[in-house]
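Counting convention: from 1, in listed order, for ligands and their atoms alike. Position 1 is the first residue of the sequence; numbering continues from there. Being a predicted model, the structure only gives us computed values, none of them experimental.
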Amino acid sequence: MTDVILNDGVTPEAQTQAVRDLLATTPDKQLFINGEFRAPRSGQYLETHDPATGKVIARIANASEADVNDAVSCAQAALKGPWSKITPMERAGILNKVADLIEANIDELCELEILDQGKPWYVARWAEIPAAANQFRYFAGQAMNIEGQILNTSINYQPEGRDVQAWTVREPVGVVAAITPWNSPLVLTAMKLAPALAAGCTVVHKPAELTSLSALRLAELIHQAGVPEGVMNVITGEGAKTGSCLANHMGVSKVAFTGSTSTGRAIVDASKSNLKRVTLELGGKSPAIVLPDANLDLAIPGIANGIFFNSGQVCVANSRTYIHRSIFDQVLEGIAGYGAGLQLGHGLNRETQMGPVVSVDQAEKIESYIKTAKNEGATIVTGGQRLGSNGTFIQPTVVTGTQLNSAIHCEEVFGPVIVAEPYDDINDAIEWSNNSEFGLASSIWTQDFTHAQRLSRQIQAGTVWINSHSMFDASMPIGGIKQSGYGRDSGKLALDNYLDWKTICAVV
Ligand code: NAD
């Protein structure tokens with residue numbers, strides 16, 4: 001088993017000067033309001049840590065109600081400014097420029113994300129930061145495709161000799177509060193900001209308090225790309241304080257939220273203040289079903305990667321797998337072997353395949369799920385231990401022999417932990433898959449495509465992958481059903497979240 005921690009307690013050298021400077025100075029990071037960085041009125045800051053070492057890397061502003069008011073007022077004012085006058089093509093040009101700037105600064109953004117969140121270099125550099133740029137490119141195109149309709153009316157009471165013409169136009173919903181989590185900070189932010197800006201909205205973004213650094217840098221790049229002052233604002237701080245204040249704010253027209261199901265409920269409550277629109281991308285407990293005819297050369301690494309990528313801190317991670325009994329031992333051994341062979345370490349080290357989890361609290365939560373499962377009689381096939389000097393590394397863990405109603409089987413662990421159970425009848429596997437409060441994602445592994453298509457219609461989930469898991473594209477809507485939320489990010493549908501319809505009816 002590979003449980004070697006590379007550079008335990010040591011930060012490998014950053015490649016970019018900006019991140020070397022950050023590490024040398026441990027700066028106070030300010031709020032980004034009206035096109036400039038400002039100290040918080042509260043004067044309060046929160047420490048942000050490198051989860052791999054536990055060291056403080058910066059302090060972020062803990063925004064107060066007064067700071068939130070400032071940001072929302074600026075966003076409201078900006079709705080009436082030059083941003084409302086520019087053409088769709090100019091807006092598309094700006095969004096493409098944002099993508100260019102993300103790409104031009106990709107190494108710095110990757111290093112910020114690695115230090116703040118703990119992800120390995122390859123996750124940031126080859127998956128998430130390019131995907132963030134792609135969101136801006138995709139929605140640059142969509143900005144030029146916002147169209148209303150000419151209506152075919154049957155009104156017959158217009159004045160004699162006159163006609164009626166009616167049509168619809170799309171208008172930005174107004175000020176958007178984007179509230180985002182810590183697991184994939186930049187790309188999940190881009191999934192909100194790109195469609196919101198494409199629609200012509202203005203934004204106040206509240207990133208997760210554990211991982212705000214890349215959001216502050218992105219706001220600067222968005223400003224540099226030509227977005228006018230006040231259109232893009234970032235307020236950092238605690239969820240229950242800064243986030244709640246923003247979600248309740250009467251000047252906010254829409255909350256675009258990604259995070260846990262429990263916070264999603266708080267957002268819905270907050271939306272009652274002015275009946276603001278809400279979209280929710282929440283938690284999951286996504287199953288992977290492996291049929292007896294599956295190509296195991298695809299299925300084993302696909303499922304292992306689907307849970308161990310980003311240390312399992314992925315909303316759609318396949319944290320459950322149901323494997324046909326005839327191949328169960330082989331697949332279980334394969335996934336366990338893949339996990340046990342992963343090199344754990346600091347994300348700045350290019351050889352690292354899996355980093356720490358985001359915080360000590362998160363590591364303790366994951367460990368407690370594993371301990372409870374063990375006490376209930378489950379078998380830990382591999383992993384199960386916390387490692388490293390500050391205990392934020394969790395070994396890739398495979399568990400079997402769990403009860404279908406146990407916590408580890410039903411709740412979102414949000415770590416590198418998969419439960420694997422055998423099935424005999426595919427109807428059982430489907431029933432177990434659907435027996436969940438969540439409905440975010442799933443995958444089916446088989447070489448019989450017709451069968452897979454049929455099964456895909458029986459699974460209760462926002463996304464069904466066939467012979468893959470966790471495959472994303474800016475064009476593909478992603479989101480959940482049941483308590484995984486409502487609304488979709490990515491794809492053309494996402495633009496609708498940020499647009500209202502206006503009907504215009506004229507006697508001519
Ligand atoms: P979280 O709900 O704790 O926090 C998310 C954001 O909400 C943070 O910015 C936080 O500060 C803020 N917040 C917390 N309390 C708030 C309140 N009362 N009012 C307003 N804002 C508040 O989630 P997390 O722990 O940061 O992220 C992990 C969760 O996110 C997991 O459940 C994961 O499944 C989910 N997630 C879902 C998706 C998806 O697309 N469905 C994607 C990524 C993560």
Record the part of [X] in heavy-atom contact with ligand 1 below 4.0 Å; permitted values are side chain, backbone, both and neither.
X: Val316; answer: neither
X: Gln313; answer: neither
X: Asn183; answer: side chain
X: Thr261; answer: neither

Identify the protein heavy atom lying closest to [atom], giving its residue, its atom name and the separation to 0.1 Å.
atom: atom 12 (C) of ligand 1; result: Ile179 CG2, 3.7 Å
atom: atom 28 (C) of ligand 1; result: Phe414 CE2, 3.6 Å
atom: atom 23 (O) of ligand 1; result: Ser260 N, 3.4 Å
atom: atom 37 (C) of ligand 1; result: Leu282 O, 3.0 Å
atom: atom 26 (O) of ligand 1; result: Trp182 CD1, 2.9 Å
atom: atom 8 (C) of ligand 1; result: Thr180 O, 3.3 Å
atom: atom 20 (C) of ligand 1; result: Gly243 C, 3.2 Å
atom: atom 32 (O) of ligand 1; result: Glu412 OE1, 2.6 Å

Without swapping roles, check the side chain of Gln395 against the backbone of Thr382 for a donor-acceptor pair under 3.5 Å. no

Using a 3.5 Å cut-off on N or O atoms only, is [X] in polar contact with ligand 1?
X: Thr258; result: no
X: Ile267; result: no
X: Ser484; result: no
X: Thr263; result: yes

[options]: member with heavy atom nearest to [atom]:
atom: atom 17 (C) of ligand 1; options: Gly239, Ser184, Ala208, Pro185; answer: Gly239
atom: atom 38 (C) of ligand 1; options: Gly485, Ser212, Cys315; answer: Cys315
atom: atom 35 (C) of ligand 1; options: Ser359, Ala441, Gly259; answer: Gly259

What I want to check is whether the side chains of [X] and [Y] have a donor and an acceptor closer together than 3.5 Å.
X: Ser64; Y: Asp67; result: yes
X: Gln44; Y: Lys241; result: yes
X: Asn69; Y: His249; result: yes

Taking all non-hydrogen atoms of both residues, which atom of [X] and which atom of [Y] are closest, and how far apart?
X: Trp83; Y: Ala78; result: CB-O, 3.8 Å
X: Glu281; Y: Gly480; result: OE1-N, 4.2 Å
X: Val176; Y: Ala256; result: CG1-CB, 4.3 Å

Contact atoms of ligand 1, heavy-atom distance to [X] under 4.0 Å:
X: Lys206; result: 9 (O), 10 (C), 11 (O)
X: Leu440; result: 41 (N)
X: Ser244; result: 19 (N), 20 (C)
X: Pro207; result: 9 (O)
X: Gly283; result: 32 (O), 34 (O)
X: Glu209; result: 10 (C), 11 (O)

Atom pair [atom1]/[atom2] of [X] and [Y] - distance to nearest 0.5 Å:
X: Glu367; Y: Ile394; atom1: CD; atom2: CD1; answer: 6.5 Å
X: Ser443; Y: Asn467; atom1: OG; atom2: CG; answer: 9.0 Å
X: Arg320; Y: Asn435; atom1: CZ; atom2: CG; answer: 8.0 Å
X: Gln453; Y: Ile466; atom1: CD; atom2: CD1; answer: 6.0 Å
X: Glu431; Y: Tyr322; atom1: CD; atom2: OH; answer: 10.5 Å

Only pairs under 3.5 Å count here: list side-chain donor-acceptor contacts from residues 120-133, not counting sequence neighbours, and write none if there are none.
residue: Glu128; atom: OE1; partner: Lys119; partner atom: NZ; Å: 2.9
residue: Glu128; atom: OE2; partner: Lys119; partner atom: NZ; Å: 3.4
residue: Glu128; atom: OE2; partner: Ser184; partner atom: OG; Å: 2.9

Qualifying ring-ring contact (aromatic ring centres under 6.0 Å, His included) pairs with a residue from residues 252-277, counting only residues at least two apart or across chains: none

Please check if atom CD in Glu103 has more than 12 non-hydrogen atoms from other residues, nucleotides or ligands closer than 6.0 Å. yes

